[in-house]
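Structure first, commentary second.
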Amino acid sequence: MAIVQKDFQVSGIMNFLIQNKLLTENEAKIHDQEARKHKISSLSYLVTHKIIDSKAVAEKISMQFGLPLFDLDAIDCRSLPTSRISEKLIRQHNALPLLVRGRSLFIALSDPTNSQALDDIKFHSLLNPKVVLVEENKLAKAIEIGLEEPENSISGMLTDEDMDNLVIGGDEEAKVDINAEVDEAPIVRFVNKILLDAIKKGVSDIHLEPYEKTFRIRYRSDGMLHTIASPPPGIANRIVSRIKVMSKMDIAERRVPQDGRIKMILSKNRAVDFRVNTCPTLFGEKVVLRILDPTNAQLGVEKLGFEPIQQELFLEAINRPYGLVLVTGPTGSGKTVTLYTGLNILNTVDVNISTAEDPVEITVEGINQVNMNPKAGLTFATALRAFLRQDPDVIMVGEIRDLETAEIAVKAAQTGHMVLSTLHTNDAPQTLNRLLQMGIPAFNVVSAVNLIMAQRLGRRLCVHCKKEVIFPDKILLDAGFKEDELKDLHIYSPVGCDQCTNGYKGRVGIYQVMKMTEKLRELILNGANAMEIGACALSEGFNDLRRSGLNKVRMGLTSLEEIDRITKE
């Protein structure tokens, strides 16, 4: 237990907390003393050690002092007038300049009792400081963003001088070595920064979107898009041209979509590919870059998010000598990662593996990968026919899109080959119906298909800030939980902290793994529809996507709101 020094005087904010019965006098003295030892403000110490709630305290201060409570999440902290006062002063007083209006400087403060801060700011800025109340935890984060060096900040990379001197750098090579000397033109540094930041943040896609009066850049992180920069629209064409040069596209052609690829060399042992696509829009070319990081596909099967029985069914199916394993789900649901996890398990010296993909997203040593080229006549069906003449053990087809591809895949599965592929359907039962609708006879479907998996990716709750919530039993029963599950059910919801994005960090797989059983084969041969097949699968013990999602909620991995979002009918 800390010893309070004799005659120790607490700070102004501590007196406020004592008066509002948020702390006892002795607690306030102990915490104030500890804060001074750590050389941080008392309020910062209390919030970081979770002794008090930042938002609750801010609301009480707002009411008592008559100050407006401002949400710092609503502004871009990279564009604040931080140069009006020194960094030392900003950090010393936890005071962030927000706006200059005439002779007034609006300052974000979490502790309005800090009169010394206002005096110092007035002396150094020669402006009249006006207090805007903010939450302590958001202020600390905003200060770090606001003080970020311009060369490390995407929004701050283009200065007024740069606008007049923008030059497109680089050559026609699609390989970019970030450790090599490159043209230091602002546009080159800006584009490189966008790509590097995306890799560091684990982003899956980058969107560059021109509009009539604006130009925005967004990252897709954990399945959701977030705006990260809004450069001047006048430089949109130059940014797009730089990316087209890097991906070996025709920079003079702006009327039709183009595809390209960039390989960014991060170190001797690591390189990341970007699949690039341009599309002409009303106000310029929109560019989307898909990040293809090989490390993302080197997950162990235990990290995919399977339930134990689902993992067992998956491993059993891919280790069979022949048959068809299908993975289904919308774009961005993690099908490629699941397939490559299976291929990595099968990728041994005594197995011949060939893949046909459009395009190849992840390159793996030991696997013969073929990129589709329809213009040259290289389609999935053509590649499959070639594979069958090359003594294959395992074949992976990127997607079954037409009857010809489906027929060859089914025949390959029936003649002693393990075939893995994907289809775009909503769930596992609908996949069987899709094959039948394509024209594959029912007897071929039941004899070839071993396993069908439908999957989604849900956002994973942040372990640092998730909080338990209580729902009425009726809502939980309506959501799909069973009566006997309600007794020990603990459900968590997102909160949001500096470790996550809106309460979520990372993603977790939600699966429907359906093995072909005798009952299902009988139903298919009798012409059953998807609903009847789904009901039979449930009775056989194969959870549907909704049920698998609710199991993830029970485990505290995700929220009920997230499962509602991704399993909505």
Side-chain angles (χ1 to χ4, degrees), residues 261 273 292 294 297-301 304 311-328 335-423 431-432 434-435 438-441 443-453 513 515-516 521:
R261 201 176 181 102
D273 286 350
L292 310 173
Q298 293 172 0
L299 298 173
V301 68
L304 288 178
Q311 181 174 316
E312 186 181 323
L313 289 171
F314 176 64
L315 292 174
E316 179 193 338
I318 64 170
N319 280 296
R320 293 183 66 175
Y322 59 88
L324 183 59
V325 173
L326 294 171
V327 182
T328 181
K335 298 187 297 295
T336 302
V337 171
T338 299
L339 286 174
Y340 267 96
T341 301
L343 289 178
N344 282 327
I345 292 169
L346 300 174
N347 186 15
T348 58
V349 134
D350 55 338
V351 176
N352 177 21
I353 303 176
S354 296
T355 74
E357 300 170 73
D358 186 21
V360 173
E361 295 191 359
I362 299 157
T363 56
V364 179
E365 189 75 23
I367 296 177
N368 307 291
Q369 297 169 281
V370 178
N371 221 357
M372 296 302 92
N373 187 354
K375 289 181 181 177
L378 182 55
T379 62
F380 283 122
T382 310
L384 270 175
R385 286 197 187 93
F387 290 165
L388 292 174
R389 292 191 289 271
Q390 295 218 328
D391 184 31
D393 296 302
V394 179
I395 297 171
M396 195 269 271
V397 187
E399 185 184 347
I400 294 176
R401 296 175 180 170
D402 51 55
L403 175 59
E404 186 180 13
T405 306
E407 283 179 335
I408 301 170
V410 167
K411 285 177 184 175
Q414 290 174 323
T415 54
H417 306 94
M418 170 52 59
V419 181
L420 296 93
S421 189
T422 70
L423 271 171
T431 304
L432 292 167
R434 176 66 57 84
L435 289 173
M438 279 182 174
I440 304 295
F443 60 84
N444 277 340
V445 171
V446 298
S447 65
V449 176
N450 287 344
L451 187 83
I452 302 175
M453 292 196 309
V513 181
K515 179 183 176 181
M516 189 63 71
R521 288 190 175 98

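Atom set for the values below is all heavy atoms of this structure, side chains included, hydrogens, waters and symmetry mates excluded. Throughout, numbering of the chain's residues begins at 1 and tracks the sequence.
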Worksheet item: Out of Val410, Asn444, Val445, which one pairs with Leu435 under the side-chain contact (heavy atoms from CB on, under 4.5 Å) rule?
Response: Val445
Worksheet item: Closest approach of Leu423 and Met438, non-hydrogen atoms and distance?
Response: CD2-CE, 3.9 Å
Item to complete: Consider only side-chain N and O atoms of Asn344 and Thr341, and report whether a donor and an acceptor are under 3.5 Å apart.
Response: no
Worksheet item: Salt-bridged, Arg385 to Glu404, with N to O below 4.0 Å?
Response: yes
Worksheet, complete the sentence: Heavy-atom nearest pair, Ala409 first then Ile400, reads CB-CD1, 4.1 Å
Fill in: Nearest-0.5 Å distance, NE2 of residue His417 to NZ of residue Lys411
13.5 Å
Worksheet item: Can you check whether Thr355 reaches Ile367 side chain to side chain, under 4.5 Å on heavy atoms?
Response: yes
Worksheet item: Is there a side-chain contact (heavy atoms from CB on, under 4.5 Å) between Ile452 and Lys515 once you walk through the steps?
Response: CA-CA 6 Å; Ile452 302 175; Lys515 179 183 176 181; over 6 Å; no
Discussion item. Please evaluate residues Asp402 and Phe380 with respect to the criterion side-chain contact (heavy atoms from CB on, under 4.5 Å), reporting the C-alpha separation (whole Å), side-chain torsions for both, the decisive distance (0.1 Å), and the verdict.
Written reply: CA-CA 9 Å; Asp402 51 55; Phe380 283 122; over 6 Å; no
Worksheet item: Can a donor-acceptor pair be found between the side chains of Asn368 and Asn352 at a distance below 3.5 Å?
Response: yes
Worksheet item: Just wondering, do Leu343 and Met396 contact through their side chains at under 4.5 Å, heavy atoms?
Response: yes
Response to the item:
Distance col, row Asn450:CG vs Ile318:CD1, nearest 0.5 angstrom, shows 11.5 Å
Discussion item. Check this for me, if you would: do Lys335 and Glu399 make a salt bridge, where the nitrogen-to-carboxylate-oxygen distance has to be below 4.0 angstrom?
Written reply: no
Item to complete: Would you kindly say whether Asn371 and Glu357 are connected by a side-chain donor-acceptor distance under 3.5 Å?
Response: no
Worksheet item: In Å, rounded to the nearest 0.5 Å, how long is the span from CE of Met372 to OG1 of Thr382?
Response: 8.0 Å
Worksheet item: Do you know the tightest heavy-atom contact between Leu324 and Ala413?
Response: N-CB, 3.8 Å
Worksheet item: What pair of heavy atoms forms the shortest contact from Val446 to Arg521, and how long is it?
Response: O-NE, 3.0 Å
Worksheet, complete the sentence: Rounding to 0.5 Å, atoms CE (Met418) and CD1 (Ile353) come to a distance of 11.0 Å
Worksheet item: Rounded to the nearest 0.5 Å, what separation is found between the CD1 atom of Ile345 and the CG atom of Asn319?
Response: 7.0 Å
Item to complete: May I ask you to decide if Val397's main-chain N or O and Ser421's side chain share a donor-acceptor pair within less than 3.5 Å?
Response: yes
Discussion item. If you compare all heavy atoms of Val325 against all heavy atoms of Ala317, which two are closest, and at what distance to 0.1 Å?
Written reply: CG2-CB, 4.0 Å
Discussion item. For a quick check under 3.5 Å, do Gln390 and Ser354 share a side-chain donor-acceptor pair by atom type?
Written reply: no
Worksheet item: For Ile395 and Ala412, which heavy atoms make the closest approach, and how far apart are they?
Response: CD1-CB, 4.5 Å
Item to complete: State, with a plain yes or no, whether a side-chain heavy atom of Ile408 is found less than 4.5 Å away from one of Leu388.
Response: yes
Worksheet, complete the sentence: When rounded to the nearest 0.5 Å, the distance separating CD1 of Ile440 from CZ of Arg434 is 13.0 Å
Worksheet item: Leu326 versus Thr422: any side-chain heavy-atom pair under 4.5 Å?
Response: no
Worksheet item: Taking side chain as C-beta onward, heavy atoms only, is Tyr322 less than 4.5 Å from Thr415?
Response: no
Worksheet item: Do Val301 and Gln311 come close enough that some side-chain heavy atom pair is under 4.5 Å?
Response: yes
